[in-house]
Protein chains: 2
Amino acid sequence: MQSKWVEEDLLSIRERAYRYLKDMILNGEYKAGDRLVERELADKLHISRTPIREALFRLESQGFVKTVPRKGVVVERISEDEVVEVFTILSSLEVLAAKLAAQKMDDKTQLEFDQVIVKLQNLDGLTEAEVSKLHLDTNQILHKAAKSPKLYELLTGLTDYIRIFSNTSYETPGRKEESMKEHLEIMKAVRNKDVEMGEYLTKIHIENSKRAYINYVKQNKKG
Amino acid sequence: MQSKWVEEDLLSIRERAYRYLKDMILNGEYKAGDRLVERELADKLHISRTPIREALFRLESQGFVKTVPRKGVVVERISEDEVVEVFTILSSLEVLAAKLAAQKMDDKTQLEFDQVIVKLQNLDGLTEAEVSKLHLDTNQILHKAAKSPKLYELLTGLTDYIRIFSNTSYETPGRKEESMKEHLEIMKAVRNKDVEMGEYLTKIHIENSKRAYINYVKQNKKG
DNA sequence: AAGATATAATTGGTATACAATTTTTTAGAC
DNA sequence: GTCTAAAAAATTGTATACCAATTATATCTT
């Protein structure tokens, strides 16, 4: 799935370059250790070095790439410890988001939730990609429902950061189905303004995801 | 207190520009609404537009300034709601940090804590600036003790973001003294690996800070 | 094959130019 | 004097060219 460069003419060139590069990294097309050469990218995208540099700076400030002075820009290798760290942080922030979302639940948001809940109850026949997208969408709606832009921003950054790895944890047989089921229960609790249940289920959900990731890594290290 | 531009020749020009501008904003010398003109800054610091732009982008991604295309870069006005939001998020993350710090406490870190604890027990004769610095240092040591670089990064970003405002909440009579005392108790609990006490005291501390801020704002709106 | 040396490549920064747009100034009308 | 409209200036976004410092790579020597 090659990310598309063109389209969206309204955006600035640097914004398009940023999104393109971030997509490529998040989708694993640029892998850890890959070098990103300004000149090459500029030629490839038919733009000058300037917006490329600006996009790279932004990616660097978000931890996706690292610039080694006068050597090159390389895609960062995210360590297992770091992923576990992020899961730990997410545990706190997602619980907070669930709490806020349940507290601030209103009619309009309930309608949004209901739509997602229906989808989560009928996963049969969905492709892997569709399930993945539904997972991301569910998260997004949940995070937005907390009605705290700052929190949303943090959650987006953190989930993006470990996106590739949280996908790998789905390799554990049955984990993906379990995860979607947990998501469904969380959505129902939050939708019904059950603050404590929402917090509790979210905590369990992230802990399970974290454990699945750790087990997956352990498994694939030995054999 | 005009931030110094020169010195630290080892750092890249863009890094120095970034720190200079961030200092100026955090110390309130550039206020909300002020325009930051690339050309002016470049002339003032005797560098070209390039590193200035790079510094501005970084500040923008952290929410300190906002670029309006072909219009200018202005220092962002941080709303009261946003400050409250950040306090809420900090409550979760600081509690997590206290927990991790208590769990991972080791001999070396205990020595660092002991030094700070001694200072916190003898505030007499310290100037306002010295007390402020001690407050920041205490936070930093606490955050570092969680031994989670990602968490440290998030906490630094958030506390920086509301730095000016958390200072204003100290205007409430007695709040600063109370805050320092709370800090002292947190440090003692965490130092002694008392996880639950550390979490509890931290929660109370942030809640108090948040309440002090809200009250201060309310007070100064009416009168 | 190994090591030394020369050459390429790459980023960091400067400088200049120009288009698109916004802000400010100016000129004019009344 | 004040309002309006046109002109001028200012500002960012992008491109291009250039060079220094450093690193990667290729070449040569032994």
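Just so it is clear: chains get the letters A, B, ... in the order the sequence lines come, proteins before strands, and each one is counted from 1.
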From [atom1] of [X] over to [atom2] of [N], roughly how many Å is that when rounded to an integer?
| X | N | atom1 | atom2 | value |
| --- | --- | --- | --- | --- |
| B/Lys71 | C/dA19 | NZ | P | 24 Å |
| A/Glu54 | C/dG13 | CD | C1' | 14 Å |
| B/Glu38 | C/dG13 | CD | P | 16 Å |
| A/Leu36 | C/dT10 | CG | P | 12 Å |
| A/Glu40 | C/dA9 | CD | P | 11 Å |

Using a heavy-atom cut-off of 4.0 Å across all strands, would you classify [X] as base, sugar-phosphate, or nothing?
| X | value |
| --- | --- |
| B/Ile52 | nothing |
| A/Leu56 | nothing |
| B/Arg14 | sugar-phosphate |
| B/Arg49 | base |

Ionic contact status for [Y] with [X], cut-off 4.0 Å:
| X | Y | value |
| --- | --- | --- |
| A/Lys150 | B/Glu82 | no |
| B/Lys203 | B/Glu199 | no |
| B/Lys144 | B/Asp137 | no |
| B/Glu60 | B/Lys66 | no |

Exercise for review: Kindly indicate, with the supporting measurements, whether the criterion side chain to side chain contact (heavy atoms under 4.5 Å, CB included) is fulfilled by A/Phe57 and A/Gln62.
Suggested key: CA-CA 9 Å; A/Phe57 285 131; A/Gln62 294 175 320; over 6 Å; no
**Study point:** Test: A/Lys22 cationic atom under 6.0 Å from A/Tyr30 six-membered ring centre, within 45° of axis
**Key:**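 Not flagged: A/Lys22 not positioned over aromatic ring of A/Tyr30.
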Practice item. Find out whether the Lys NZ or Arg CZ of A/Arg58 is both under 6.0 angstrom from the six-membered ring centre of A/Tyr18 and within 45° of the ring's axis. Key: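 Judged by the rule, A/Arg58 and A/Tyr18 form a cation-pi pair.
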Revision key, fill the gap. chi for C/dA8 classified (syn = within 90 degrees of 0, anti otherwise) as syn
Revision key, fill the gap. Partner of C/dC18 under the Watson-Crick or G-U wobble criteria, both distances under 3.5 Å, comes out as D/dG13
Review point. Across all strands, who's sitting opposite D/dT23 as a Watson-Crick or G-U wobble pair, both distances under 3.5 Å?
Key: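 Paired with D/dT23, as far as the under-3.5 Å criterion goes, is no nucleotide at all.
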Exercise for review: Walk along DNA chain D from 5' to 3' and tell me the first and last nucleotide with an atom closer than 4.0 Å to a non-hydrogen atom of chain A.
Suggested key: D/dG13 to D/dA24
